[in-house]
Amino acid sequence: MHRTNLNDLSWTEQRSPKGKFCVFRKPVSLALGGKKDVGTFGGGHPFDLEQVRVPPGAINWPYHAHSAQWELYLVVAGQGEVRTPEGRFPVGPGDCLLHAPGEAHQLRNTSETEDLLYHVVADHSPADLTEYPDSAKYGAKPQRKTFVMQEIDYFSGEE
C-alpha cells in the first residue's frame, strides 16, 4: 500500500504568460508512486489524481477536448463556472463533472475573493490528442508538444 496526506504535498503553480490561466496543483498520484503521463503500459497507475486550486477570476486551462482521456472533477470548495459545448453552468461544492473523450471543457473561478478547489481524476491512455477549439491548435501526449495543423498533400512524405 502507498499512502500520502494532502497536507504534506506542496502546491506547484502553472500560469500563462499574462495570467489569464492559473492553477496550483498537488500531484497526489505521483506522491503515491505513480509516473507522469504513463498508465499501466509504462509501469504507472491506471489513473491520475490531482488536487487543483484556481485563484479568484482565473481559468484552469484553455478550452480543450481530449481524444482519448476521461476526466472527472469533484468540486470541494469555492464557486465557478464550467464551459462545455452545451453552454456555461455554475458549479460549487459537491458538484461532480465527468468529461468524456471528445467533449471540450474548461473551469473558471467566478469568485472575487475565494479559491476554487477541486480534485481531478484522469485515466491514462497510451496516447492522447488534445484539441483547442478557441485557438485551432492541438497537443500530443506523451510527447507534450503543441502545434497547429497545416494542410498538405495526402501523399506528402510517402514516396
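- Pairing each heavy atom of Thr4 with each of Ala31, the nearest pair is OG1-CB, 3.8 Å.
- Side-chain contact between Leu9 and Glu50 is absent, with no heavy atoms from C-beta onward closer than 4.5 Å.
- In this structure, Pro101 and Gln69 have side chains that are not in contact, with every pair of non-hydrogen atoms separated by 4.5 Å or more.
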Determine, stepwise, if the pair Lys26 / Arg53 fulfils side-chain contact (heavy atoms from CB on, under 4.5 Å). CA-CA 9 Å; Lys26 287 187 178 186; Arg53 181 169 49 92; over 6 Å; no
Using the salt bridge (charged side-chain N to carboxylate O under 4.0 Å, His left out) rule, take Arg83 and Asp134 through it: C-alpha gap first, then chi angles, then the decisive distance, then the call. CA-CA 12 Å; Arg83 177 184 173 197; Asp134 291 344; 2.8 Å; yes
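- Hydrophobic clustering of Ile, Leu, Val, Met, Phe, Trp and Tyr side chains at less than 4.5 Å, counting indirect connections, unites Val54 with Val120.
- Around CD of Glu112, the count of heavy atoms belonging to other residues, nucleotides or ligands within 6.0 Å does not exceed 12.
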Extract all donor-acceptor atom pairs below 3.5 Å that involve side chains of residues 56-63 and protein atoms in other chains or at least two apart in sequence.
from: Asn60; atom 1: OD1; to: Leu107; atom 2: N; distance (Å): 2.9
from: Asn60; atom 1: ND2; to: Tyr118; atom 2: OH; distance (Å): 3.1

Dump the intermediate steps for side-chain contact (heavy atoms from CB on, under 4.5 Å) on His64 and His105, then the final yes or no. CA-CA 6 Å; His64 67 282; His105 56 280; 3.2 Å; yes
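- Atoms CE and CG, on Met1 and Leu32 in that order, are 9.5 Å from each other to the nearest 0.5 Å.
- A heavy-atom distance below 4.5 Å is not found between the side chains of Gln79 and Asn109.
- In the hydrophobic cluster analysis, where Ile, Leu, Val, Met, Phe, Trp and Tyr join through side-chain heavy atoms closer than 4.5 angstrom, Tyr132 is grouped apart from Leu129.
- Checked against a 6.0 Å centroid threshold, the rings of His66 and His99 do not count as neighbours.
- Here Leu74 contributes atom CG and Leu49 contributes atom CG; the two are 10.0 Å apart, rounded to the nearest 0.5 Å.
- Asn7 approaches Asn5 most closely through the heavy-atom pair N-OD1, 2.8 Å.
- Minimum heavy-atom separation, Ser10 to Pro27: O-CD, 4.3 Å.
- A donor-acceptor pair under 3.5 Å is absent between the side-chain atoms of Asp115 and the main chain of Leu117, judged by distance alone.
- Aromatic ring pairs are classed by plane angle as parallel below 30°, tilted from 30° to 60° and perpendicular above 60°; the pair His45 and His2 is tilted.
- In this structure, SG in Cys22 is found 9.0 Å from CD in Gln14, a value given to the nearest 0.5 Å.
- Here Asp48 does not pair with Lys35 in a salt bridge; the nearest charged N to carboxylate O distance is not below 4.0 Å.
- Trp11 and Leu116 sit in two unconnected hydrophobic clusters of ILVMFWY residues. Membership requires side-chain heavy atoms under 4.5 Å apart, directly or through other members.
- Between Arg25 and Gln51, the side chains place no donor N or O within less than 3.5 Å of an acceptor N or O (distance only, hydrogens not considered).
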Evaluate Leu97 against Leu72 for side-chain contact (heavy atoms from CB on, under 4.5 Å), listing each step before the verdict. CA-CA 6 Å; Leu97 313 168; Leu72 171 69; over 6 Å; no
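- For Asp123 (side chain) and Trp70 (main-chain N/O), a donor-acceptor pair under 3.5 Å exists by modelled atom type.
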Step-by-step side-chain contact (heavy atoms from CB on, under 4.5 Å) determination, Tyr138 to Val148: CA-CA 6 Å; Tyr138 295 85; Val148 293; over 6 Å; no
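- The two atoms that bring Ala127 and Ala68 nearest to each other are O-CB, 3.6 Å, heavy atoms only.
- In this structure the side chain of Val91 never reaches within 4.5 angstrom of the side chain of Tyr73, judged on heavy atoms.
- Sorted by first then second residue, the salt bridge (charged side-chain N to carboxylate O under 4.0 Å, His left out) pairs that include residues 61-81, not counting sequence neighbours, are Glu81-Arg88, Glu81-Arg108.
- The backbone N or O of Ser67 sits less than 3.5 Å from a side-chain atom of Asp128, completing a donor-acceptor pair.
- What you find for Arg15 and Gly19 is that their closest heavy atoms are CG-CA, 3.9 Å.
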